[in-house]
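Side chains included, hydrogens not; waters and symmetry mates left out as well; all remaining heavy atoms used.
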Amino acid sequence: MTRILAFSDVHMSHGRMRKIVNAAPDADVVIGAGDFCNARLGLREAMEALRPLDDKAIYVPGNAESVEELRVATTAKVLHGDTIEIHGVTIFGIGYAIPVTPFGAWSCDLTEEAATTLLDRMDTADILISHSPPQGVVDSDGSGRSLGSIAVRDAIERVQPRYCFCGHIHGCWGQSGMIGMTSVHNLGPGVNWFEI
């Protein structure tokens with residue numbers, strides 16, 4: 001059994017990052033589903049606080065940081081349209097906000113079409129890490145609108161990973177749901193434990 005600690009959207013909260021780092025010795029793998037900083041600011045500081053995790057961490061960029069910025073700021077593994085196998089577990093990752101947000105130039109976003117192109121690289125996976133949730137599951141805003149990604153949902157339906165770990169929609173932190181055989185979790189910035 002591989003023990004996984006997973007989180008998203010710490011947004012430079014030193015208290016939250018400290019709790020994650022303190023819990024990490026019990027984890028075989030640490031997964032971070034994006035938004036480590038705020039609006040492209042403070043990424044180096046955030047990743048320095050998470051540095052003790054680097055040897056066991058797998059991250060995807062959120063919409064608050066680009067994949068290039070994240071790869072410069074950490075020595076952890078960073079996925080964005082890529083697959084990695086660790087402890088016999090196959091993990092595919094895709095970052096950024098999908099679909100495009102109204103937040104403006106600072107936000108790292110993908111169109112559904114661009115996301116589909118990246119997700120088509122996922123032939124098999126035990127875990128899909130996606131900053132954005134799939135459409136219709138753990139993705140609603142305060143007014144009940146579904147803000148998740150069609151491309152992510154289609155990829156989950158096609159591949160049926162055991163887990164999908166996501167974040168991005170803050171109002172759904174801590175919520176979970178199912179798409180077929182896939183357990184979908186909007187992680188939020190707490191300490192979330194899983195086994196596979």
Side-chain angles (χ1 to χ4, degrees), residues 6-12 31-43 46 58-71 78-83 91-125 127-189 192:
F7 68 94
S8 70
D9 301 278
V10 290
H11 289 290
M12 290 187 62
I31 288 175
D35 278 4
F36 303 97
C37 65
N38 292 310
R40 313 283 285 279
L41 300 173
L43 183 60
I58 301 169
Y59 297 142
V60 300
N63 61 299
E65 59 273 329
S66 74
V67 65
E68 296 84 7
E69 290 162 346
L70 187 56
R71 285 180 172 149
V78 176
L79 301 180
H80 185 58
D82 309 290
T83 301
I91 302 170
F92 184 93
I94 185 168
Y96 295 3
I98 314 161
V100 174
T101 69
F103 302 146
W106 66 262
S107 187
C108 296
D109 301 340
L110 286 176
T111 64
E112 294 284 7
E113 294 75 20
T116 296
T117 298
L118 290 178
L119 287 160
D120 281 348
R121 300 175 184 173
M122 181 174 64
D123 296 324
T124 184
I127 298 171
L128 167 61
I129 312 168
S130 172
H131 179 62
S132 291
Q135 187 180 64
V137 181
V138 301
D139 75 328
S140 60
D141 68 4
S143 67
R145 287 181 308 159
S146 173
L147 301 175
S149 167
I150 296 167
V152 172
R153 185 179 183 103
D154 288 350
I156 291 171
E157 289 175 344
R158 177 174 56 84
V159 175
Q160 290 284 282
R162 170 94 175 267
Y163 292 114
C164 173
F165 297 141
C166 59
H168 186 48
I169 307 300
H170 293 197
C172 291
W173 284 348
Q175 294 181 17
S176 60
M178 297 294 293
I179 297 176
M181 300 299 292
T182 301
S183 183
V184 181
H185 300 270
N186 187 319
L187 299 166
N192 302 280

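- Between Y96 and S132, every side-chain heavy-atom pair lies at or beyond the 4.5 Å cut-off.
- Within the 6.0 Å centre-distance limit, the rings of H170 and H11 are counted as a close aromatic pair.
- In this structure T83 satisfies the side chain to side chain contact (heavy atoms under 4.5 Å, CB included) test together with T90, F92, sequence neighbours excluded.
- R121 is linked by a salt bridge (charged side-chain N to carboxylate O under 4.0 Å, His left out) to nothing, counting only residues two or more places apart in sequence or in another chain.
- With values rounded to the nearest 0.5 angstrom, H131 atom NE2 is found 7.5 Å from S8 atom OG.
- Partners of R158 under the side-chain hydrogen bond (donor to acceptor under 3.5 Å, both in side chains) rule, at least two apart in sequence or in another chain, do not exist in this structure.
- Under the rule for a side chain to side chain contact (heavy atoms under 4.5 Å, CB included), the partners of E112 that lie at least two apart in sequence or sit in another chain are I98, P99, S149, I150, A151.
- Applying the ring pair (Phe, Tyr, Trp, His ring centres under 6.0 Å) rule to pairs touching residues 98-117 yields F103-W106, sequence neighbours excluded.
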CA sep, side-chain torsions, deciding dist, call: I94, L110, side-chain contact (heavy atoms from CB on, under 4.5 Å): CA-CA 10 Å; I94 185 168; L110 286 176; 4.2 Å; yes
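- Looking only at distances, no side-chain donor or acceptor of N38 sits under 3.5 Å from a matching main-chain atom of M12.
- For the ring pair (Phe, Tyr, Trp, His ring centres under 6.0 Å) test, no residue two or more places apart in sequence or in another chain qualifies with F7.
- The salt bridge (charged side-chain N to carboxylate O under 4.0 Å, His left out) contacts involving residues 168-188 comprise nothing, where partners must be two or more places apart or lie in separate chains.
- With a 4.5 Å cut-off on side-chain heavy atoms, Y163 and L128 do not count as touching.
- Scanning for side chain to side chain contact (heavy atoms under 4.5 Å, CB included) contacts around D109 gives N63, A97, V100, T101, S107, with sequence neighbours left out.
- A distance of 9.5 Å separates CD of Q135 from CD1 of I179, quoted to the nearest 0.5 Å.
- Identified under the salt bridge (charged side-chain N to carboxylate O under 4.0 Å, His left out) test for residues 134-143, with sequence neighbours left out: D141-R145.
- For the salt bridge (charged side-chain N to carboxylate O under 4.0 Å, His left out) test, no residue two or more places apart in sequence or in another chain qualifies with E68.
- Note that CG of N186 and OG of S176 are 9.5 Å apart. Values are rounded to the nearest 0.5 Å.
- In this structure R40 satisfies the salt bridge (charged side-chain N to carboxylate O under 4.0 Å, His left out) test together with E69, sequence neighbours excluded.
- Taking the salt bridge (charged side-chain N to carboxylate O under 4.0 Å, His left out) definition, one finds that D154 meets it with nothing, sequence neighbours left out.
- Contact annotation: the side chain of H168 approaches that of P133 to within less than 4.5 Å [non-hydrogen atoms, C-beta and beyond].
- With values rounded to the nearest 0.5 angstrom, L187 atom CG is found 12.0 Å from C172 atom SG.
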